[in-house]
Structures are given as C-alpha cells and as structure tokens.
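Quick notes on the structure that follows.
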Amino acid sequence: MHRRTLLAAALAGAVVTPALASGTARAADPGPSVTRTGTTTLDSQALFFVSYDGLVNNNSFQKNGLLTYKGYQYAVWYTADRNAVVGRRALGASTWSTVKVGHTLRYNDSHNVISMGVSKVDGRLHLNMDSHSDGFTYVKSAAGLMDNPAGLSWTASRFGAPQSTLDGLALTSQFTYPQFVSTPDGKLQLSYRVAVSGNGRNALAEYDGTKWTNLGEWSASTGTYTSEHGSSTARNMYLHGIDYDRNGRLHSFFTWREQNGAVMCNSGGITNHDTGYVYSDDRGRTWRNNAGAVVGTTGGSDKVSVNDGGLVVDPLNPDHSLMNQESQFTDSAGRPHAIISYVPGRFGQCTTNYVANRTANGRAFHVRRNASGIWQKTEIPVPLNSSQRTKLVLDKYDNAYAIFPFGRIAGASAASGYTDWKILFDGSGLNAFGEVVIDEARVAQDGVLSFMYQEKSSGTTPSTLHVVDFRLPA
C-alpha cells in the first residue's frame, strides 16, 4: 500500500498555477465553446434494445463507431432488421449513403458493437463486430476505397465477405472489445480482450497492408490484489482507450476489475479499482509505467500486472463504483488526459447498488499529467444522473470537452489549468438515450465535435439514430 499512499499524496499536493498546468496555453487563446451547426439522420428505425444499461449502436467504448478520413465521415450501426450497415457522407453533407456488409447481429447484447479502422498503407476500411467473449465477424473493404471516396462508388461490391478470422488468422475463441488504432507508419492495429470479465488479458494484432500478425497478450490476469475486505487472485485490465499521440507514443489509461467480490464492501457494488496508466514507444511491443520503467512485453512472459509498481495514477478502492472503459485523449504536446467517474466519498464509503448509486451521486473527474509531469485531478461539477460513461476530447487550443450521457457537453479552458468547467450544451432537444459515440478524428481534422446518438425508446421498439455536429473554436 506504500506506493498508493505516495501517489495519493502527490495528487493531493498537485496545486499549480494555471500557466504551469496548461503548459502551452497563451492568453490570446480562446476558451472552450460549441456552436451547433446541424443534425443528420442515419436511420429512422435503428435497432434498439437495452442490455448492460447500454445500446449496441451507442456504446462509448467503440473505437470507432464514427470516424472521419480524407474529407468523408463514416458511421456503423445495426438496422431494425439486425443488418450491419456502414454509411458515409462528404463532410457537411446532409444525407448518408449506406451499404449492408452481409452480417446480421446474433444476440441482443450491447457489447456486440461494430468498430471501424483505416489501414492507411492500403486505403482499406476494416470492421470488427458482434463479439462478447466468443467469436467475431470481420469485414474489410477493397484497397484504395478510403483514398478516393469521391471517385469510387459506395456499394456492397466494395466489401469482402464476412469472416470469422482476420484473413485466416484466428485470435481466440473468447474475443471482446475490438478497438482499431492506426499506427504512425500507416499500419493498423487491433486491440482486444482475450477471455472474460474478471479474468482476461489485453492483446494486439497488426495489419501491414499484406497480412495480419498476432502480436500477443500484454496484460496479465494473475497476481494477488488485497483490499480491506478481502483478496482476489484473478482480474482483467479494462482500457479507457488506446491512442497514438502526434509524436508516435501509444498511451493507455485503465482500471482493474477483480474476479472475487470479496474485495468489495457490498455485493451490489462493482469490483473496479484504481486508475492506472502505461505507454509504449515501440508500437505496443513493450509497455512502460509513468516513470518510464518497462512493466510488460507484448507476447512475452512478463506482462503488465496488478502487482507492478508505478502504474496507479489515481488510487481508489473497489467501494465507489468506479466505471471501466471511460475515455482518454492526448493534447498538442502529447500529454495524456482521461475522464474517470465514481461515487465520491462524501456520499459514503460503500456503494451498495452501482447503477442506482452512480445515477444518484456519481461524478466525473478530469485526470491529466501537466507540463511538469505531475498528475492532477479536477472534479467536473456536473452530476452524472446516469450510470453510464462520459467521453473526452481536446480542441486545437487544448481546451477540454466532456460529453456526458444524454449528449450534454461541458468544457474547461487550458488557460485556467482546467479549473473552470461549465456546461456548454445541456442536451436539449436531442432526446438521447445515454452514451454517445464520438468522432475523435474529426476534432483534429476540421475543428468539429461530431457525435452519434440514439433517441430514447422502450422495449425493442426501433428509434432514430443521429449524428450532431458542433463547431469548436477556430
């Protein structure tokens, strides 16, 4: 527990001037703002069912459910008749062209999201879908489709047949959470979990334009974690994201989820604990802690473990319903930022129903490393009113935006050291169900915050799926 005490003290003492906290902000930089510029409809009858408190078309851990590339925006979802669809539009266009890719959703499970990725080396769009601790379905487009969208028709013939492997590469029989990430050298990586919740490992595969290679697992499920209530000997690392910054460093925030509920004060809680951070400077082959020490090797015997030192940047025991898979982003200097959320201790030291307690008293926090390398944490003064996740993006001036459930947007300025959080858009008129899916790429490409949301419904009655756009400071 000594390392936790030291890190907690460092966080508690991390009070710096706004100029130091922001690092790059200048007095002339504008603060955060959003101007709604339009809303488009993807599908007036999109598939709707609620499981694990979420929707299969709008789970914020998708990477990516919405993305922009070379002047076009792409979206994926399931229609009311369960068909997997990919749509595209030229940026600013009001209508979308859609293609069915030959797969229908198997189960009413909101984990079975569709994720997209682009391999820049050959201009292909890749889809991975319909996976929760079992097999997956994989589809890829013809080469060059993403490089010449205006010149190539958007038809089903541009996509290959659905596969149960990555072009013949079988990864695992228990596959979950596909997340594609484009590497700085034009390749495409696929992050995924092997095995199951509470006893799983993170792994990577890589596509070089010719073939897929399994790089292997990089986090461990073994080791002993002990709380004041009991111990657990199995777990999995849940990622808040996996992202390259502009300098080529790969960042990942995470939480641990223990298999044994004995670590909690009450069985109605959730066993997630601690916010950790690792990075890689060699395309995910080796992983380092905040101090730069190697703590794991992908595909090797030494994997990132709960017992490794220097991983925890914000300590928290399993009694506060800490959410997994929240959000992360890097700023213009490559510094890591994350959103985490839980029930603060002022509302009690033991959650007994994680959905009800998070909805009543949950709060989101902005965690980031400043220019001096010190971790700082700020509570965002906006009640969650939901058990679900919040997303994070930063604009060209490094202002931060938290996109809450129901499409509410709060912002904080880099100039203030991210101390001036306030609501910028209250979600009025959206009728959004809960979590939203962010187009992370578009923020950097044309200064627009664009997100996909689905309207509230009940039972399994289909509802409208939208994309809404907000202009950020120019």
Open item on the list: Is the positively charged end of Lys456 above the ring of Phe406, judged by distance under 6.0 angstrom from the centroid and angle within 45° of the axis?
Closed with: yes
Open item on the list: If the threshold is 4.0 Å, N to carboxylate O, is there a salt bridge linking Asp134 and Arg106?
Closed with: yes
Open item on the list: Thr255 vs Asn324, test: side-chain hydrogen bond (donor to acceptor under 3.5 Å, both in side chains). Steps then yes/no.
Closed with: CA-CA 6 Å; Thr255 60; Asn324 51 290; 5.7 Å; no
- [ ] Taking the six-membered ring for Trp and the full ring for Phe, Tyr or His, determine whether the centres of Phe159 and Trp154 are under 6.0 Å apart.
- [x] yes
Task: Ring geometry between Phe61 and Tyr177 (parallel below 30°, tilted from 30 to 60°, perpendicular above 60°) - done: perpendicular
Task: N/O donor-acceptor pair under 3.5 Å between Asn247 side chain and Arg249 backbone - done: no
Open item on the list: Checking Asp122 against Ser119: is there a side-chain donor and acceptor pair closer than 3.5 Å?
Closed with: yes
Open item on the list: Is it the case that the ring center of Phe425 lies less than 6.0 angstrom away from the ring center of Phe470?
Closed with: yes
- [ ] Using the six-membered ring wherever Trp is involved, compare the ring planes of Tyr418 and His366 and label them parallel, tilted or perpendicular (cut-offs 30° and 60°).
- [x] perpendicular
TODO: Answer yes if the side chains of Gln328 and His337 hold a donor-acceptor pair under 3.5 Å, and no otherwise.
DONE: no
Open item on the list: If we ignore hydrogens and angles and just use 3.5 Å, is the side chain of Ser221 paired with the main-chain N or O of Arg201 as donor and acceptor?
Closed with: no
- [ ] Identify whether the distance between the nearest side-chain nitrogen and carboxylate oxygen of Glu326 and Arg389 falls below 4.0 Å.
- [x] no
Task: Flag, side chain of Asn58 to backbone of Met452, donor-acceptor distance under 3.5 Å - done: yes
TODO: Would you please classify the geometry between the Phe433 ring and the Phe48 ring as parallel, tilted or perpendicular, with 30° and 60° separating the classes?
DONE: perpendicular
Task: Donor-acceptor under 3.5 Å (Asp130 side chain, Thr137 main chain) - done: no
Task: Flag, side chain of Asn357 to backbone of Asn353, donor-acceptor distance under 3.5 Å - done: yes
Open item on the list: For the aromatic rings, using the six-membered ring if either is Trp, is the centroid distance between Tyr52 and His111 under 6.0 Å?
Closed with: yes
